[in-house]
Amino acid sequence: MGSPSQRHNWTFLTNHARVLVAIARDPGVRLRDVAMTCTLTERTVQAIVTDLETDGYLRRVRDGRRNRYEISDNALFRHPAEAGVQVAGLLALLAGAPGSRQTQTQTGSASEAGVGIGG
């Protein structure tokens with residue numbers, strides 16, 4: 001096993017999941033803003049969006065001078081352990097309605113709200 005500092009240096013979600021959640025929260029978001037939110041470089045976010053688009057998780061749609069993103073309603077997790085499970089459920093939990101994170105913080109902890117995901 002690694003040292004205690006190494007053991008605490010991981011997060012629950014992958015960068016791909018974080019980027020997809022950020023886009024689910026705001027389909028018109030600029031990738032520069034996604035990069036800041038996810039603490040990634042803009043180039044990394046662009047590569048992740050390309051991965052997600054190539055694999056059918058989202059679609060880029062031109063809206064004037066900007067891009068909007070449409071997330072596939074029927075995209076499935078790729079890992080065999082979650083085979084057949086739609087990504088939409090996780091996105092609904094993590095992206096939620098606008099302001100849901102603030103409301104949850106004000107009314108109780110994530111564990112009290114029945115949310116078992118941390119990062």
For [X] and [Y], which heavy atoms make the closest approach, and how far apart are they?
{"X": "Ala88", "Y": "Asp73", "value": "CB-O, 4.1 Å"}
{"X": "Leu76", "Y": "Gln86", "value": "CD2-CG, 3.6 Å"}
{"X": "Ala75", "Y": "Gly56", "value": "CB-O, 4.3 Å"}

- Does the side chain of Val29 reach to within under 4.5 Å of the side chain of Ile23, using non-hydrogen atoms? yes

- Leu31 side chain near Tyr69 side chain, heavy-atom distance below 4.5 Å: yes

- Which is it for Ile48 and Leu20 under the side chain to side chain contact (heavy atoms under 4.5 Å, CB included) test, yes or no, and what are the steps along the way? CA-CA 9 Å; Ile48 289 171; Leu20 195 58; over 6 Å; no

- Message: Closer than 4.0 angstrom, basic N to acidic O: yes or no for Arg30 and Asp33?
- Response: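 Salt bridge present between Arg30 and Asp33.
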
- Check the side chains of Arg18 and Thr11 for a donor-acceptor pair under 3.5 angstrom, ignoring hydrogens and angles.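 Note: Thr11 and Arg18 side chains meet the donor-acceptor criterion.
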
- Query: Rounded to the nearest 0.5 Å, what separation is found between the CD atom of Gln46 and the CD atom of Glu42?
  - Reply: 5.0 Å

- Distance (rounded to the nearest 0.5 Å) between Arg59 CZ and Asn67 CG: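 CG of Asn67 is found 11.5 Å from CZ of Arg59.
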
- Are there more than 12 heavy atoms of other residues, nucleotides or ligands under 6.0 Å from atom CZ of Arg78?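 Not buried by this count: 12 neighbours or fewer within 6.0 Å.
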
- Item | Option among Leu52, Leu58, Asp51, Thr50 that satisfies the side-chain contact (heavy atoms from CB on, under 4.5 Å) test with Thr54 | Thr50

Check whether [X] and [Y] end up in the same hydrophobic cluster, where Ile, Leu, Val, Met, Phe, Trp and Tyr are linked by side-chain heavy atoms less than 4.5 Å apart.
{"X": "Leu90", "Y": "Ile71", "answer": "yes"}
{"X": "Val85", "Y": "Val87", "answer": "yes"}
{"X": "Val61", "Y": "Val19", "answer": "no"}

Would you confirm whether [X], through its side chain, and [Y], through its main-chain N or O, come within 3.5 Å as a donor-acceptor pair?
{"X": "Arg25", "Y": "Leu94", "value": "yes"}
{"X": "Arg68", "Y": "Arg62", "value": "no"}
{"X": "Asp26", "Y": "Gly28", "value": "yes"}

